[in-house]
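Each residue takes its place number in the sequence, starting with 1.
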Amino acid sequence: MCQLKRLQELDLSQNYFEGILPPCLYNLTFIGLLDVSDNNFSGTLSASLIHSLTSSWYLDFSDNHFEGSFSLSSFKTQSKLEVLRFASNNGKLQIDTENPPGWFPSFQLKVLALSNCSLNNHTNSIPNFLRHQFHLQIVDLSHNKFRASFPGWLLVNNADLEILKLRNNFLFGEFQLPPFAMTNAVMVDVSGNQIHGLPENIGKILPHMEYLDLSRNAFEQDLLPSIGDMRNLQVLDLSYNNFSGEIPKELTVGCNDLRVLILSGNKLHGQIFPMLYNLTQLRVLQLRNNYFSGNLSNVKAKGRVLGNLALLDIGYNFMTGNIGSWIGNVTYLDILVMRNNYLEGQFQCEGISRSVYYLDLSHNLLSAPLPSCPRLQHLYLQGNKYSGSISEAFLNTSQLLVLNLRDNNLSGSIPSIIGLLTSLKVLLLSQNLLSGLIPEELCELKQISMMDLSLNSFSGSIPPCFQGIRFGKIEPRYLDLDLSHEKVSNEWDYTTYFRYGTLKKDYVHHSTAEQSVTNVEVDFLTKHRSNTYKGGILNFMSGLDLSCNKLSVRIPYELGNLAWIHALNLSYNHLTGPIPKSFSNLTQIESLDLSHNMLSGEIPSLLINLYFLEVFSVASNNLSGRIPDMKAQFGTFDRSSYEGNQFLCGQPLNQNCSIVSPHPLINFVDQSKEKWYGIHPVFFSVTFSTTYIIFFLTSIIILYLNPYWRRRWFNFFENRIYYPAYDFISSIVHKPCAKLVNCVGRPCNN
């Protein structure tokens with residue numbers, strides 16, 4: 001390749017090339033198009049390389065692993081340059097556009113993509129050279145931490161602008177649009193800024209808009225009817241602002257081609273579905289976190305009316321009534337989220353589309369029986385009014401990945417059929433009325449990473465076979481641990497290239513947009529607080545919570561084999577015996593809570609090797625001996641971690657071990673000969689004596705203060721003293737007399 005001195009076009013994009021760019025590129029002085037994007041090239045970009053590309057009009061270095069600093073002024077003499085793409089793949093490339101100050105470009109760009117390039121890292125300013133560009137058609141300056149007002153002048157200077165992406169910066173001020181219609185503009189994404197003030201005539205200025213994302217900004221006004229003038233609009237995301245009012249009728253009538261509507265996180269109110277019946281092309285509807293109301297029993301869905309929806313999210317609103325049969329007519333539905341409303345009655349999965357694999361009806365007023373949903377992968381029913389036992393029919397779903405039944409009134413035991421849910425990764429059954437033994441069939445759920453059985457009435461022992469559950473362990477066959485469901489949305493990805501004299505744009509419609517709605521969320525108690533884990537972080541979180549039950553006997557030493565677990569909570573049970581020394585093998589543990597049990601013996605000193613441990617508690621047990629040295633993570637634990645153990649000594653309890661340990665009255669029980677009752681003899685003697693004295697003094701005080709009970713008490717003792725004596729004397733006197741009567745025929749006189 002390097003021998004092709006007069007090469008004019010070189011496209012190496014979308015390969016797996018590594019290392020630095022070939023030095024021979026310096027010799028390709030006739031090259032006009034150079035595309036090395038989507039590879040693994042690394043190293044720095046040399047200014048001398050840029051100077052040698054004097055004939056270039058298309059340069060694409062994006063999506064590689066370049067690093068270091070680079071000045072865009074290196075291109076100032078390249079008058080032919082029209083397309084320049086430098087999107088960084090690793091965030092280590094820093095591009096400066098302001099040095100030397102006042103440089104003037106000789107080029108007029110049509111395409112500029114500098115996303116995630118730490119542009120002007122010292123000043124966080126928008127490139128000043130853009131004020132001299134008047135033919136831009138595509139601009140992408142996303143993810144650069146700009147701290148400046150919205151550059152309305154950029155739109156005024158470039159009337160032919162088609163795509164503008166400024167997402168995830170710190171832009172502020174009003175969303176200023178030019179006074180004329182931008183008829184070529186089809187995509188605007190300024191999400192993740194602090195912009196406010198949407199122009200009332202936005203639909204007139206951007207009449208051909210197809211993709212508009214203004215989410216996560218500071219807009220605070222009613223939704224504008226002018227949006228309905230965007231007749232070609234397909235994707236509209238206004239989520240997480242402060243828009244108020246109702247959905248304008250003009251929007252639902254004018255935007256007939258709308259495929260994605262995301263209005264979550266605002267202050268919108270009113271009825272939803274009658275207003276949206278006109279949007280027959282709608283595929284994604286996300287309206288969570290608003291004030292929408294209405295009775296779902298009255299909703300109609302048939303044919304093209306809501307029938308094309310793939311994702312419906314109306315969670316965190318004020319919807320009421322039953323989930324009617326209309327939901328079964330939404331034939332393409334994949335994801336249904338109606339959590340945190342006021343829905344009531346029963347729900348049966350037979351009435352929903354066979355394609356639904358994600359169902360969230362949590363925190364409503366739904367009642368028994370539990371629905372049987374054999375095709376689901378994610379099922380959230382927590383915080384309802386489900387009661388009774390968990391049926392085997394309910395658990396007849398082999399594809400289930402997440403099952404959340406927390407905070408209901410379920411009772412009885414866990415059916416053994418649960419062992420057939422071999423794909424299950426998250427099982428949450430806490431805050432119910434479940435009882436009985438923890439079934440060993442749970443050990444068949446090898447892929448479990450988070451299990452919460454807390455706040456129930458389980459009894460018996462902890463199954464030692466729990467050691468066979470993965471709980472975060474990554475094995476070759478489980479490398480794909482993604483719990484997140486496929487997000488259904490639209491993203492317009494664009495590829496720009498100026499080849500053969502024409503600037504072309506390829507819009508790619510697919511179903512994995514970042515704008516997609518619902519991430520998998522799991523609430524799990526760890527580090528003494530309830531945390532919400534969502535998205536990819538679920539792949540790295542693991543925990544077992546058996547707290548607040550009636551579990552007894554010793555802690556199985558086999559639990560020490562869960563080397564990858566991050567949180568283990570066994571508190572508030574009746575566990576006895578020592579803390580297993582095998583717990584020193586929990587090398588990834590961050591939270592270990594064994595408090596409020598009846599554990600005895602010493603705290604294993606090897607636990608100080610748990611270098612990730614942030615929360616540790618053995619409070620309120622019968623532990624004795626020296627607390628492990630305050631080294632590593634154990635140097636961060638205060639006295640609250642150890643309180644309630646009378647015979648523990650050392651820091652941070654300020655109890656001197658030289659005084660406590662050798663006391664002649666204290667003979668610690670040999671752990672190898674420990675009795676079943678596990679009570680220390682000195683502790684028993686002290687508590688018994690104290691109780692006896694308190695009882696005796698209380699009795700004396702009561703008799704002193706109450707004359708009636710005092711008389712009754714004395715009468716009782718008098719009867720106990722005199723009557724037995726009378727009986728004894730009578731038995732002595734009457735027996736001889738009886739013999740005498742038999743002999744002489746006369747009674748005995750006293």
Close side-chain approach of [X] to [Y], heavy-atom, < 4.5 Å:
X	Y	answer
Leu206	Leu177	yes
Phe172	Ser149	yes
Met338	Met319	no

Do side-chain atoms of [X] reach the backbone of [Y] as a donor and acceptor pair under 3.5 angstrom?
X	Y	value
Asp160	Gln137	no
Gln78	Ile50	yes
Ser55	Thr29	yes
Asn39	Asn64	no
Asp257	Gln281	no
Ser71	Asn99	yes
Asp360	Arg339	no
Asn217	Val190	yes
Asn158	Gln133	yes
Asn169	Phe146	yes

Would His196 and Phe175 satisfy ring pair (Phe, Tyr, Trp, His ring centres under 6.0 Å), going step by step from the backbone distance to the final call? CA-CA 6 Å; His196 63 87; Phe175 186 57; over 10 Å; no
Applying side chain to side chain contact (heavy atoms under 4.5 Å, CB included), run through Leu212 and Met230 and close with a yes or a no. CA-CA 10 Å; Leu212 179 61; Met230 301 178 183; 3.9 Å; yes
Among side-chain atoms of [X] and [Y], is any donor-acceptor pair under 3.5 angstrom?
X	Y	result
Asn298	Asn295	no
Arg216	Asn168	yes
Thr97	Asn120	yes
His65	Asn40	yes

Please tell me whether His269 and Tyr291 form a close aromatic pair, meaning their ring centres lie under 6.0 Å apart. no
Taking the six-membered ring for Trp and the full ring for Phe, Tyr or His, determine whether the centres of Phe243 and Phe219 are under 6.0 Å apart. yes
With rounding to the nearest 0.5 angstrom, report the [atom1] to [atom2] distance, [X] to [Y].
X	Y	atom1	atom2	answer
Asn290	Ser264	CG	OG	6.5 Å
Leu7	Ile31	CG	CD1	5.0 Å
Phe273	Leu287	CZ	CG	7.5 Å
Asp38	Asp63	CG	CG	4.5 Å
Ser62	Phe86	OG	CZ	9.5 Å

Over 12 non-hydrogen atoms of neighbours within 6.0 angstrom of [atom1] in [X]:
X	atom1	result
Gln108	CD	yes
Tyr332	OH	no
Arg354	CZ	no
Glu200	CD	no

Would you check, one step at a time, whether the test side chain to side chain contact (heavy atoms under 4.5 Å, CB included) holds for Leu164 with Asp189? CA-CA 6 Å; Leu164 176 65; Asp189 185 351; over 6 Å; no
Of all the heavy-atom pairs spanning [X] and [Y], show the shortest one and how long it is.
X	Y	answer
Ser37	Asp35	OG-OD1, 2.7 Å
Thr252	Leu279	O-CD2, 3.5 Å
Lys204	Ala181	O-CB, 3.7 Å
Leu343	Thr320	CD2-O, 3.6 Å
Thr331	Ser355	O-OG, 3.8 Å

Tyr316 ring centre to Arg288 NZ or CZ under 6.0 Å, with the angle to the axis within 45°? no
Against Glu220, only a single residue in Leu198, Asn266, Asn242 fulfils side-chain contact (heavy atoms from CB on, under 4.5 Å); can you say which? Asn242
Mind checking what makes side chain to side chain donor-acceptor pair (under 3.5 Å) contact with Ser244, not counting sequence neighbours? Asp222
Verdict with supporting geometry, Leu261 and Leu276, side chain to side chain contact (heavy atoms under 4.5 Å, CB included): CA-CA 10 Å; Leu261 178 60; Leu276 300 179; 4.3 Å; yes
Give me the ring orientation class for Phe107 and Trp103: parallel if the planes are under 30° apart, tilted from 30 to 60°, perpendicular past 60°. tilted
Taking it one step at a time, do Leu236 and Tyr211 satisfy side chain to side chain contact (heavy atoms under 4.5 Å, CB included)? CA-CA 6 Å; Leu236 176 62; Tyr211 183 111; over 6 Å; no
